[in-house]
Amino acid sequence: MLNGSAEADGRKDGSMRKVFKGPTEALAGLLRDDMMIMCGGFGLCGIPDELIDAVQASGVKGLTIVSNNAGIDGVGLGKLLETRQVAKMISSYVGENKEFARQYLGGELEIEFNPQGTLAERIRAGGAGIPAFFTKTGFGTKVAEGKETRQFDGEDYVMERGLFADIALVHAHTGDTEGNLRYRMTARNFNPMMATAAKVTIAQVENLVQPGEIDPDTIHTPGIFVKRIIAVNTGEKRIEQRTTRKRNDATPAAAAGGGTH
Amino acid sequence: MLNGSAEADGRKDGSMRKVFKGPTEALAGLLRDDMMIMCGGFGLCGIPDELIDAVQASGVKGLTIVSNNAGIDGVGLGKLLETRQVAKMISSYVGENKEFARQYLGGELEIEFNPQGTLAERIRAGGAGIPAFFTKTGFGTKVAEGKETRQFDGEDYVMERGLFADIALVHAHTGDTEGNLRYRMTARNFNPMMATAAKVTIAQVENLVQPGEIDPDTIHTPGIFVKRIIAVNTGEKRIEQRTTRKRNDATPAAAAGGGTH
Amino acid sequence: MAWTREQMAARAAKELEDGFYVNLGIGIPTLVSNYIPEGMSVQLQSENGMLGMGPFPYEGEEDPDLINAGKQTITALPTTSYFSSSDSFGMIRGGHINLSILGAMQVAQNGDLANWMIPGKMVKGMGGAMDLVAGVKRVVVVMEHVAKNKDGTESAKLLKECDLPLTGTHVVDLVITDLGVFTIDKKGDGGMTLIELADGVSEEDIRAKTEGDYTVALK
Amino acid sequence: MAWTREQMAARAAKELEDGFYVNLGIGIPTLVSNYIPEGMSVQLQSENGMLGMGPFPYEGEEDPDLINAGKQTITALPTTSYFSSSDSFGMIRGGHINLSILGAMQVAQNGDLANWMIPGKMVKGMGGAMDLVAGVKRVVVVMEHVAKNKDGTESAKLLKECDLPLTGTHVVDLVITDLGVFTIDKKGDGGMTLIELADGVSEEDIRAKTEGDYTVALK
């Protein structure tokens, strides 16, 4: 996979063999039409935005994208939708994305909805050599249609399959040149499982450090899973729903909100 | 579960509601004959030794113990074997334990050997609501006898069941009063999965701290999984195989050694 | 005459117990966090990978790396831990969350729940809802008692059978509407029971707006 | 006249490539780490939850929390990461480890491997061996060519079929013994092939001590 001289493909030498100069160089030789790409992130939080931009620039088409969400218009995966490079999405929630809705309702885009936990577990299973597992989630619903169901100890379960992609794109807060990664707060989300569930995983990191600089007890993704790594600028990250409270607020506003995203 | 006054059962007040005075108090009301207990650790590394001692002192019998190993004579689970409190072990490797061998060969002790990865995954599955999964491991061997096998994409797999115990005993390096845990180096091993796979998990920690003292990005076991927690003395820990090299050693001795333990 | 959204949230908060780990859906369920009794420890789970969710940040202190499952900016607490999506749903599916409070389009008398899609309309996806109702020990629905249609008519939401695509079967334990509170024997054959009336609401008011069968056992 | 243990380890080390992640079994396989060529990055995995295993500690610097899968005290490297047993075997079963080098009692010409129990003897368990042979991409066995029995006779270990209980079926890619090196077409029907002879060993020497069928294609 990592053939060619370090100079030719933008890599650095020796112990830096996983480190590439930028997103285009890091994706060189890996992209082809009709491939399956996993893409980390939840909403716009922890998405590998620069790597997505490079996929867009490459012009590959017919992609199957595994991602919990589909970005928003003009941001993240929204960009790949604009250029019609996506043939199919495997997601749990696609949110407010006009271009997505247009293509989907027009029959130009296929979507496979997975319950969020089933999606997460399918990816985790794919990376861990588990071809199939049983879950309660979705039994008796559209999600179970056409799937094997089965009782264990009197409870009903649906069989779901592991997912394994051609490449995975992930975003981490810190990474070392060996590929060890650490995520920050809720930007972790789908990134760690996806890093394990593809033939080649490419990571963009906000801080690229030397081996030993991340406490080994706190590494979320061991370097074995990461084949290529780039440092990205930590410019202004996008926020999808900016919710705040006033400083003089006596009763803090509620901040919960799950269930359907 | 946590009924009774804090004074009566050795707990402390208020935000310390998960914190118990010692191992005996932390196990009070939870132990009964013939129950299933998960026990963290690999060899003697990361074992909940003080909690095991309290199980021994309680005198409960007929236990099914889920643990990768069975301790050594007089240490760890070896103690429960001496007092014949164990009816069955679910383990991957039992090593050099004379009392174990005596009881096993004499038909006094039942043992179910699981491949180490299958054991780890069964526990992880039990804690994660997965009643069964498929693995390549053990296909075509004694381990697969009597189990469902099946092909996925031309490869053969064995179906294995999730494991869920009555109680789990784990050891961590640091824990806060909310039950958040962090393990140290290879003392992590089976502890994190076991913490998720029992009705009640009891943790012994070397350092008991206040919430907020552990960086939330580095917590290995979220507090939701831990119902009771105790601080233990960090006396001299036992080492099973002390291997060293001389300071003037030119070529460092090899330190690998896996495959069968 | 019927409960407000705030009153429904306050009623739902009575389902909380000290030491509970709870997942709150968007809408009225979110408001429940405002009614956690003083001194009670309730940790909120956000299924995108967080336990111990704090309030919204002060203006100017939003962190793009710290959002809840509704993609809103939030804050952490001293009790907070972060984890991956697979660990998060392992927690949910494994039955470790004590209580889930969420909204619904329809609930059937056997505990079936529909809250993720309307045939013919753009489907956005079920997100984590199917995992939550399947995995969480106790599921409480908070919703308006009837749906208001565009033509001004009303449709019952508490039904004999849901006609919308299901989110889960036999999953709802308790329904809190603006008119009252119902228990459902979701795994047994005890059906649905009206146990409380909202302020100024009569049994007859409820009877007129409920399609599903229920018995009455007011507390 | 045949390879020493050290020579077998040195031969096994030729299977390493730069950037490989490798799991080494106990015994001769452990010695392979002494023959990693200078400048080659090879990270050793220990299935109890560590990548980037370092050498044994200096005397007095042993840490009870830092052991390998053989329960020996070891050290960490700058590249080290720690993880749980389930993550460790996810890594193994998921095919992320490039190479496993391990010992064996018997290997069959179809790649079957037996190395965990002898009927009638005390069984200690298979540990991680079954997961490693099932999950790791390439499996190299390093073993003595024949077993020496207590009565002084010898038994073949490279067989048509294993008669000991199996660790895995169709799992071995390469066998290195004190007498030579064999490839095995474990998933196809190419069988076993003798590709190298140890110093001073003849094809006839090997023929006399090998029960399994093989073709010869010396390099």
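Below, chains carry the letters A, B, ... as their sequence lines are ordered, and counting in each starts from 1.
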Check whether NZ of the Lys or CZ of the Arg B:K246 lies under 6.0 Å from the centre of the six-membered ring of D:Y58 and within 45 degrees of that ring's axis.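 Relative to the ring axis of D:Y58, which defines the angle, B:K246 lies outside at least one limit.
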More than 12 heavy atoms of other residues, nucleotides or ligands under 6.0 Å from [atom1] of [X]: yes or no?
{"X": "D:R138", "atom1": "CZ", "value": "yes"}
{"X": "D:K160", "atom1": "NZ", "value": "yes"}
{"X": "D:D189", "atom1": "CG", "value": "no"}

At a heavy-atom distance under 4.5 Å, which candidate from [options] has the highest pair count against chain B?
{"options": "D:P57, D:G90, D:A134, D:S100", "answer": "D:P57"}
{"options": "D:D112, D:D63, D:T80", "answer": "D:D63"}
{"options": "D:S88, D:P64, D:A76", "answer": "D:P64"}
{"options": "D:E59, D:K187, D:Q45", "answer": "D:E59"}

Under 4.5 Å from a heavy atom of chain D, the part of [X] involved:
{"X": "B:N97", "value": "neither"}
{"X": "B:R122", "value": "neither"}
{"X": "B:Y104", "value": "side chain"}
{"X": "B:R124", "value": "side chain"}
{"X": "B:S91", "value": "neither"}

Salt bridge present between B:E121 and D:R93 (N-O < 4.0 angstrom):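 Here B:E121 pairs with D:R93 in a salt bridge, since their nearest N and O are under 4.0 Å apart.
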Answer yes or no: is there an ion pair linking B:R245 with D:E61, defined by an N-O contact shorter than 4.0 Å?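 Salt bridge flag = no for D:E61 with B:R245.
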Any heavy-atom pair between the side chains of B:V94 and D:M122 that's under 4.5 Å?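 Yes; the side chains approach each other to less than 4.5 Å.
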Is B:K237 close to D:D65 at the side-chain level, that is, under 4.5 Å between some pair of heavy atoms?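 SC-SC contact between D:D65 and B:K237 confirmed.
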Enter the distance from B:M194:CE to D:S84:OG here, rounded to the nearest 0.5 Å.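 Between atom CE of B:M194 and atom OG of D:S84 there are 11.5 Å.
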In Å, rounded to the nearest 0.5 Å, how long is the span from OG1 of B:T137 to CD1 of D:I92?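 Here the rounded value is 9.0 Å.
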At a 4.5 Å cut-off on heavy atoms, which part of D:L66 comes close to chain B: side chain, backbone, both, or neither?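 Both backbone and side chain.
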Side chain, backbone, both or neither: which part of D:V123 has a non-hydrogen atom closer than 4.5 Å to chain B?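 Interface part for D:V123: both.
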Where do D:M130 and B:P115 come nearest, in terms of heavy atoms and distance?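 Shortest heavy-atom separation between D:M130 and B:P115 comes out as SD-CG, 3.8 Å.
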Which atoms form the tightest heavy-atom contact between D:E62 and B:I239, and what is the distance?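 The pair with the smallest heavy-atom distance is CB-CD1, 3.9 Å.
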Can D:K71 and B:Y93 be said to form a side-chain contact (heavy atoms from CB on, under 4.5 Å), step by step? CA-CA 12 Å; D:K71 282 133 195 164; B:Y93 190 83; 3.8 Å; yes
Using the ring-ring contact (aromatic ring centres under 6.0 Å, His included) criterion, which residues pair with D:Y21? Sequence neighbours excluded.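 Partners of D:Y21 by the ring-ring contact (aromatic ring centres under 6.0 Å, His included) criterion come out as none, since no residue qualifies.
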Pull out the residues in residues 140-159 of chain B that come under 4.5 Å of chain D, heavy atom to heavy atom, sorted by number.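 Counting heavy atoms that sit under 4.5 Å from chain D, the residues of residues 140-159 of chain B involved are B:G140, B:T141, B:K142, B:V143, B:E155.
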For residues 184-193 of chain B, give me every residue with a non-hydrogen atom less than 4.5 Å from any non-hydrogen atom of chain D.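 Within residues 184-193 of chain B, the residues that come under 4.5 Å of chain D (heavy atoms only) are B:R184, B:M185, B:T186, B:A187, B:R188, B:N189, B:F190, B:P192, B:M193.
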Test item: B:T243 side-chain N/O and D:T73 main-chain N/O as donor-acceptor pair under 3.5 Å: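 Yes, B:T243 side chain to D:T73 backbone: donor-acceptor pair under 3.5 Å.
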Contact residues of residues 162-179 of chain D (partner chain B; heavy-atom separation under 4.5 angstrom):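 Heavy-atom contacts from residues 162-179 of chain D to chain B are D:P165, D:L166, D:T167, D:G168, D:T169.
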